[in-house]
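Just below is one structure, and these are the notes that go with it.
Only this structure's heavy atoms are used, side chains among them; waters, hydrogens and symmetry mates stay out. To find a chain, count down the sequence lines: A is the first, B the second, and so on, and within it residues start at 1.
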Amino acid sequence: MNYDANTYTIKDSGKIGTIALVLGVVFLGISVLGYMNDSAHFFLNYLTAYIFWISIALGGMFITLLHHLTNATWSTVIRRITENMAATMPVFVILFIPVVFGLHELYHWSHAEVMDPSSPSFDALLHEKKGYLNETFFFIRTFFYLAVWTFFGYMLRKISVEQDSSGKDYKLTYKKLSAPGMILFALTTTFASFDWMMSLDPHWFSTIFGVYFFSGIFLSGLTFLLILLIYMKSQNILQNVVTIEHYQDIAKFMFAFIIFWSYMAGSQYFLIWYANLPEENYWFLYRWGNTWESVSMLLIFGHFVFPFLTLITRAAKRNIKLLLFMSVWIFCMRFVDFYWIIMPTGMNEDGSRVAFDFNMYDIAPIIGIGGIFFWFFWKQFTANAIVPVKDPSLNESMKFQNT
Amino acid sequence: MGIFKKLPGLTIAEFDSTGSLLHAAEKMAEAGYEKYDCHSPFPIHGMDKAMRLKRSPMGYIIGTMGTIGMTGMIALTYWTNTYGYPMVISGKPAFSWQAFIPVIFAISILLSAFGAFFGMLALNKLPQLFNPIFGSDNFAKVTNDGFFVSVEANDPKYDEGNVKSFLESIGGKNVEVVKGE
């Protein structure tokens, strides 16, 4: 890789993009084998991987929107990375196609017979939800979410890249875009989590689910950002631009959102545990039995207790090696979280819930979609300067210091 | 506590800008002064480093208090619900820890806040109703546009003549000796 420190450009992006694309295609190919092996399992795996990676792109979008709305200056040096994470949405539009084909395998409410009063498998509760949970409306909503995200991801990056050549101050333009963007972001992510994940078990409902998903989105975005930054640091890229102070700030966010995620997960669990109503508590019961206990425990200790205790001190947030380990750790935990939400909803043929069964087909779509995501990300990222060179607050951002 | 302690006199010197104050702070630390302070109308980035201040122990005070609150509350809820007054509520086990997360959390936060508030007062030697430094009329500028360095008379290196000439040599103006209580 050939990096020019004066113009902040990566001249020769090397083989990384190609490797990512090849890995992506090969592993998507392997997951097709998984489809032939067990199609229901495949679609759940695919959805897990899809939501895992789109949450990283959405995390980048959220950080960018937050940066513009709060007049932040410290994050100017990392803004180009988060913008490009958000600009990968076209990939996810295309990668949604398999979910469309797997709709009947994934979502019980999409079966015509559950909505048909004359059928033996008629489900009165789902029939009541028909106004919301029907295929047409599902596709309209999904189209809307993806359109909104693609638009904002594209626009945020486009204006920023334009600034590199024109040198104008687009502060107000960014804000005019980000304010409605933030509102739409909140609404679309909330409803996307309802549609894509919560409706996998259509009888169950939790009003906090959207916030729970959002807390995870931000964490996913931050871990990807940190891993990428530390990788680039090892390649002598952005040396003296992204300093230890920036790492500390990202780590602070990561620490805060570890707690926020736990707070949301805890609140969701707590109320359901307290009331102990059968129509709500079964969601946790089949995750706390049926061989899923170890995954639930891993989530509590790996996604909260361990990172909380590790990242609590200032010294830990300023230790690059530890941060690399922790960001990779939390990155994996993000996968476990989605895996824990999505996979146990699978049904055996007799109508019982599937047991925990982790095999190579669970990994394949993650690497597959990740490879394609990263190829597209890297291609756009290296096409321009990797920091917003003409941004008026860039200099201030580089000198940023924690007190 | 600050209220009851007689405070020593001070020598103060004025500086023009944040830059010269930072520079002066570095020089003071280099010369080995211990009981000196820098005064400015607003916080200055890098001042802690220039004065070679150690990091505040606040974090450890708060952390300890929070841990005491958490363990204390776990012990209390465990003891009351298992031995003190066990009751079956909505068919749940005697010690249902989930129900006590809010109170464990809240008491940890309360004790942390106490630690932060009283720890801050103790570390700042507050409450202190008067400081001899206010005896200087020129020092009133510090809330507006003045930058000052003060050296207390009980500094081991303190010697009125030497301090005066040293402060002048590092760029201090209007050097003034303020009497103690």
By side chain to side chain donor-acceptor pair (under 3.5 Å), which residues pair with Ser220(A), not counting sequence neighbours? Ser55(A), Arg334(A)

Nearest 0.5 Å, what's the OG-CH2 distance between Ser90(B) and Trp273(A)? 7.0 Å

Part of Phe270(A) lying under 4.5 Å from any heavy atom of chain B: side chain

Could you tell me which portion of Lys92(B) (side chain, backbone, both or neither) has an atom closer than 4.5 angstrom to a non-hydrogen atom of chain A? side chain

Phe105(B) CZ: over 12 foreign heavy atoms closer than 6.0 Å: no

His23(B), NE2: over 12 other non-hydrogen atoms inside 6.0 angstrom: no

Which portion of Pro43(B) sits near chain A, non-hydrogen atoms under 4.5 angstrom: neither

Is it true that atom NZ of Lys399(A) has more than 12 heavy atoms of other residues, nucleotides or ligands lying nearer than 6.0 Å? no

Between Pro102(B), Gly59(B), Ala99(B), which residue shows the highest count of heavy-atom pairs closer than 4.5 Å to chain A? Ala99(B)

Side-chain heavy atoms of Arg314(A) within contact of Arg55(B), under 4.5 Å: yes

Count the heavy atoms of every other residue, nucleotide or ligand shown that sit under 6.0 Å from OH of Tyr263(A), and state whether that count exceeds 12. no

